[in-house]
Amino acid sequence: MELLNALRWRYATKRFDPAKKVSENDLRQLMEAVNLSASSFGLQHYRLVVVGDDAVKKELRAASYDQAQLTESSHVFVFAAMTEVSPDYVDDYMQRMADTRGLPVEQVQGFGEYIKGSLKDKSAEFIDNWNKRQAYTGLGTLLAAAAELRIDSCPMEGIEPPKYDQILGLTERGLTATVICPVGYRSAEDATQHHKKVRLPLEEMVVQV
Ligand SMILES: Cc1cc2nc3c(=O)[nH]c(=O)nc-3n(C[C@H](O)[C@H](O)[C@H](O)COP(=O)(O)O)c2cc1C
């Protein structure tokens, strides 16, 4: 499986070469890959913010414990979870499903009512956690897709979400920064690329029943 070779090749890149930029075409493919990720009920209750602007990346670095990947990478993918899932949001999804599949909306409304019913009594804390978990499905896909294109990446949770929300204007969009992933091309000086990958033996990682 080629994906295994790509996953062996990738590593959490600490130093990117700031002179090397990811092409618009490759960026578009990475965005498509994230958009094709699975999500609970298919709701896609997170959004992807792609930052290429140097001044904004500099501001984000100050909100990321000064980690160099923020300014040295080509682009920073910010996964922002929705802060709530409203009944209107579910209805819009049902309409999109009906339109996409050429069905009368009445035919899919039962599913929409089921989703809304299942969310009705959930605590704000549950919804917050649930929404953020969705962002990680997108992150996983991005890491694999970038590796296939031999684009370097670094998944990062070492950020201050309230500062991100302010810098990127996420709060007013009903979003909150959850996890990020700078992408670009490794610097020849990044020593980490020579470190052997540390992973459990498969027998310890996997419980086969
Ligand atoms: C959710 C998540 C958060 C991470 N946060 C950071 C981070 O803030 N800074 C960083 O340099 N690496 C971060 N990493 C990278 C991990 O340290 C790295 O993936 C791990 O050591 C395994 O190494 P590998 O990805 O190179 O195989 C994070 C990884 C994940 C999955």
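Residue numbers start at 1 and run along the sequence shown. What you are looking at is a predicted structure, and each value in this text was computed from that prediction instead of being measured. Below, each value reflects all heavy atoms present in this structure, side chains not excepted, and no hydrogens, waters or symmetry copies. Remember, it's 1-based here, ligands and their atoms both numbered in the order they're listed.
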Would you say Tyr11 and Thr192 make side-chain contact, with heavy atoms under 4.5 Å?
yes
Kindly compute the distance separating CZ (Phe16) from NZ (Lys20), expressed to the nearest 0.5 Å.
12.0 Å
Expected list for residues 153-160: side-chain donor-acceptor pairs under 3.5 angstrom, two or more places apart:
residue: Glu157; atom: OE2; partner: Tyr136; partner atom: OH; Å: 2.4
residue: Glu160; atom: OE1; partner: Lys163; partner atom: NZ; Å: 3.4
residue: Glu160; atom: OE2; partner: Lys163; partner atom: NZ; Å: 3.3

Fellow cluster residues of Val206, listed by chain then number, with links counted only when side-chain atoms sit under 4.5 Å apart
Leu200, Leu202, Met205
Under 4.5 Å between side-chain heavy atoms, chaining through other members, with only Ile, Leu, Val, Met, Phe, Trp and Tyr counted: pull out the rest of the cluster around Tyr65, sorted by chain and number.
none
Would you find more than 12 non-hydrogen atoms of other residues, nucleotides or ligands less than 6.0 Å from Glu172 atom CD?
yes
I'd like the residue list for ligand 1, meaning every protein residue with a non-hydrogen atom under 4.0 Å from the ligand.
Arg10, Tyr11, Ala12, Lys14, Gln67, Gln69, Tyr136, Cys154, Pro155, Met156, Glu157, Gly158, Lys197, Arg199
